[in-house]
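So the structure is just underneath, and the comments pick up after that.
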There are 2 protein chains.
Amino acid sequence: MAATIKDVAALAGVGIATVSRVYSGNGAVGAATRERVLAAARALDYRPSAVGRSLKLRRTGGIGLVVPDVTDPFCAELVAGVLDCARTHGEHVLLDAVGDDPAREAAAVGRMVEQRLDGIVAMPAGDAAPWEAAAASGAGVVFAGRAWPGLPQVPVVLADDGAGVRSLTEYLTGLGHRHIAFLGAAAPGAAPGVREQAFRATLAALNVPLEEDLLVAARPSRDSAYAAAAGLLQSRAGVTAVLAAGHLLGEAAVLVARELDLRVPADVSIAMVGDVAWAELCDPPLTAVARPGRDIGRRAGELLLRDRTRRDPAGPVMLPAELVVRGSCGPPRGARIIRKL
Amino acid sequence: MAATIKDVAALAGVGIATVSRVYSGNGAVGAATRERVLAAARALDYRPSAVGRSLKLRRTGGIGLVVPDVTDPFCAELVAGVLDCARTHGEHVLLDAVGDDPAREAAAVGRMVEQRLDGIVAMPAGDAAPWEAAAASGAGVVFAGRAWPGLPQVPVVLADDGAGVRSLTEYLTGLGHRHIAFLGAAAPGAAPGVREQAFRATLAALNVPLEEDLLVAARPSRDSAYAAAAGLLQSRAGVTAVLAAGHLLGEAAVLVARELDLRVPADVSIAMVGDVAWAELCDPPLTAVARPGRDIGRRAGELLLRDRTRRDPAGPVMLPAELVVRGSCGPPRGARIIRKL
DNA sequence: CTGAAAGCGCTAACAT
DNA sequence: ATGTTAGCGCTTTCAG
């Protein structure tokens with residue numbers, strides 16, 4: 001169907017090497033010859049085959065990208081960032097969404113390895129095995145937006161959620177809150193995430209006593225988030241503010257507060273980590289920690305594409321998460337009015 | 001770096017053809033031999049190269065996907081749908097976002113053609129040329145989520161926005177509205193889109209006089225949307241409802257209404273086409289026309305992957321857009337209260 | 001049931 | 001400046 005280099009060479013009356021030289025830019029060709037080649041190519045609608053070239057060069061180019069869900073705003077930003085990076089480098093991007101399912105992730109990584117991509121940037125979900133295999137196969141791997149404790153040798157770029165939560169916690173306590181709920185804690189027994197750790201640490205540093213029963217666990221699903229928020233706000237033991245550890249949890253908190261006819265921020269302050277479009281649209285607009293998804297994606301791509309003989313940075317690359325103050329947090333009910341700075 | 005079929009054959013003490021047969025499934029191999037091959041492959045971390053196979057088979061597989069912006073909720077849904085489809089067919093997806101820029105689109109399509117993908121599904125932005133070239137090269141092309149009048153021979157799958165806008169317009173007029181603004185009309189002189197046409201037609205069918213100055217134009221950007229909404233609502237000549245033709249326009253309307261201290265729906269009713277996450281979160285929740293982005297993506301993928309010798313359906317595939325009634329629309333101020341049905 | 005060999009489209013020596 | 005050729009990793013006749 002598609003014309004090959006031979007067709008072009010034949011039509012132009014030159015050898016295939018000349019055609020190759022015209023397209024690859026290596027080696028010189030006379031102006032007249034080049035013109036004949038180009039004309040022939042145009043006549044035949046010739047596009048050089050990346051497949052043939054890849055086989056010969058033993059390097060395909062291309063970035064694999066594995067995220068849990070393209071529909072999630074943070075993931076979408078991250079994808080956009082990787083796309084940006086790929087575009088500036090003239091690379092293509094192979095995308096898959098694996099829904100945090102380790103089996104699907106393994107399958108996706110396997111397919112990408114078979115495609116002989118330059119490397120993979122991923123928000124890792126489950127098993128270490130596929131990543132080890134990918135790295136062993138010579139493909140680069142960079143994690144983005146999510147840490148993966150098991151593979152310390154894999155470079156990773158993250159939002160500095162610890163700092164983000166610290167800012168937010170300090171902001172809330174500064175407003176006068178002493179009974180802050182943390183929505184989205186680890187299940188009892190499980191290791192707490194960075195967000196929860198930062199929350200605990202900040203409270204401790206501020207000498208605000210931590211109330212363990214205000215750390216409410218939730219799995220990362222809408223339903224679980226909603227249940228957790230409902231459980232918290234219905235029987236709220238003097239909670240004056242809730243810090244939602246993710247945008248799904250923030251959404252749940254807003255919805256539950258509205259259902260319970262709680263005024264925000266008069267009755268409860270609400271804030272969340274993850275700044276998404278609706279944060280600005282809801283009423284009142286939600287204070288949130290903005291995580292630089294696009295930058296993370298871009299940076300991860302750069303890390304992948306750059307010369308891999310160079311030593312990678314020790315430890316994760318942390319990109320700043322910024323506190324965006326909007327109208328959803330105020331002083332706790334009954335507190336002295338804080339004078340504006 | 002990576003092991004090849006030869007390495008495996010050598011280690012297993014068989015010919016490369018046998019290794020190939022083990023992996024491709026074509027031809028029979030003795031159980032014992034197969035085991036030896038598999039063992040050797042495992043020892044070498046062998047993964048067959050898709051590049052070699054593609055070259056030999058002269059068919060790469062893979063779906064190209066071109067959207068304006070992965071960060072847009074509708075596009076993200078569409079991408080997710082194509083990903084779903086690709087997964088069930090064992091295909092991979094090559095994604096690019098081109099920001100509605102014809103030059104970037106042409107570049108993206110060019111790269112995809114060079115990759116010798118099976119075909120491309122796209123939300124087309126600009127020029128017809130790259131698409132014609134792609135189709136000529138033998139790759140299938142399917143448009144999704146956006147019509148492209150210039151290329152009638154390209155199959156296209158769309159949300160039935162006409163029907164959606166009709167439902168919405170009927171709903172609004174049913175509530176008693178007679179002065180409905182349409183936010184997002186075509187620029188004066190330009191051809192109106194399906195949404196606008198449906199709006200005009202529905203009003204005409206209902207014998208509601210159309211007020212031309214309530215059709216306000218906007219380009220598809222946040223700024224333009226905001227300006228249009230502000231212009232409309234500041235000097236509103238008796239507008240009782242606004243129908244926003246897209247989610248960006250809906251967002252702008254909500255924001256402007258809030259800034260102007262207009263109560264929704266008491267002072268103005270607001271509704272939009274495009275149901276996005278925040279519609280449910282904002283206060284009051286926004287009535288919207290839900291467009292089945294994911295289904296559109298899936299369907300477009302199917303259309304692309306299925307035997308292309310079969311005749312494609314004449315005319316676009318229309319997927320239903322559903323009116324989701326929430327709290328942002330009510331009877332116009334001063335109207336007789338409509339009895340509940 | 002298995003091996004040898006041709007060739008997919010391309011690039012990079014090497015030769016002219 | 002241009003042509004010839006080998007070979008990238010794989011599948012697939014064709015022999016055996």
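Remember, it's a predicted structure, so these values are computed and weren't measured experimentally. Residue numbers start from 1 in every chain, and the chains themselves are labelled A, B, ... in the order their sequence lines are given, proteins ahead of strands. When reading the values below, keep in mind they use all heavy atoms of this one structure, side chains included, and skip hydrogens, waters and symmetry mates.
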Problem - Residues in contact with DNA chain C, drawn from residues 11-19 of chain A - heavy-atom cutoff 4.0 Å - result: A/Ile16, A/Ala17
How many whole angstroms separate atom [atom1] of [X] from atom [atom2] of [N]?
X        : N      : atom1 : atom2 : result
A/Gln115 : D/dC8  : CD    : P     : 21 Å
A/Ile5   : D/dT2  : CD1   : C1'   : 13 Å
A/Leu57  : D/dG9  : CG    : C1'   : 14 Å
B/Asp7   : D/dC8  : CG    : P     : 11 Å
A/Tyr23  : C/dA12 : OH    : P     : 17 Å
A/Arg59  : C/dT11 : CZ    : P     : 13 Å

Nearest 0.5 Å, please: how far is [atom2] in [Y] from [atom1] in [X]?
X        : Y        : atom1 : atom2 : result
B/Leu65  : B/Leu94  : CG    : CG    : 9.0 Å
A/Asp127 : A/Trp148 : CG    : CH2   : 7.0 Å
A/Glu105 : A/Asp100 : CD    : CG    : 8.0 Å

Handout entry: Among C/dC1, C/dG9, D/dT11, the one nearest A/Lys56 by side-chain distance
Key =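 Minimum distance to the A/Lys56 side chain belongs to C/dG9.
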For [N], does either OP1 or OP2 sit under 4.0 Å from a side-chain N or O belonging to [X]?
X       : N      : result
B/Lys6  : D/dC8  : yes
B/Arg58 : C/dG9  : yes
A/Asn26 : C/dA12 : yes
A/Ser54 : C/dC10 : no

Exercise for the section: Could you check whether B/Ser20 gets within reach of a base, just the sugar-phosphate, or nothing at all, counting any heavy atom under 4.0 Å? Expected result: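 Base, at least one base heavy atom under 4.0 Å.
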Exercise for the section: Just report the end-to-end axis angle for the helix from C/dC1-D/dG16 to C/dT16-D/dA1, five pairs per end, to 10 degrees. Expected result: 40°
Shortest non-hydrogen separation from [X] to [Y] and the atoms involved:
X        : Y        : answer
B/Val37  : B/Val14  : CG2-CG2, 4.0 Å
B/Ala76  : B/Val70  : CB-O, 3.6 Å
B/Leu158 : B/Ala147 : CD2-N, 3.5 Å
A/Arg87  : B/Asp96  : NH2-OD1, 3.9 Å
A/Ile296 : A/Phe74  : CD1-CZ, 4.0 Å
B/Met318 : B/Asp160 : SD-CA, 3.9 Å

Problem - Contact residues, residues 46-53 of chain B to DNA chain D [heavy atom, < 4.0 Å] - result: B/Tyr46, B/Pro48, B/Ser49, B/Gly52, B/Arg53
Problem - Crowding at CZ, B/Arg299 (>12 non-hydrogen neighbours, <6.0 Å) - result: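 No - once you tally the heavy atoms of other residues, nucleotides and ligands closer than 6.0 Å, there are 12 at most.
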Practice task
Scan B/Ile120, B/Leu117, B/Leu305 and name whichever one has a side chain to side chain contact (heavy atoms under 4.5 Å, CB included) with B/Ile63.
Solution key: B/Leu305
Problem - Test applied, side chain to side chain contact (heavy atoms under 4.5 Å, CB included); reference residue, B/Thr18; option that passes from B/Thr33, B/Val8, B/Ile5 - result: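 Looking at B/Thr33, B/Val8, B/Ile5, the match for B/Thr18 under the side chain to side chain contact (heavy atoms under 4.5 Å, CB included) is B/Thr33.
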Problem - Under-3.5 Å donor-acceptor pair between B/Arg21 side chain and C/dG3 base - result: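 Present.
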Handout entry: Residue closer to the 5' end of DNA chain C, A/Leu55 versus B/Val29 (nearest nucleotide)
Key =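 That would be B/Val29.
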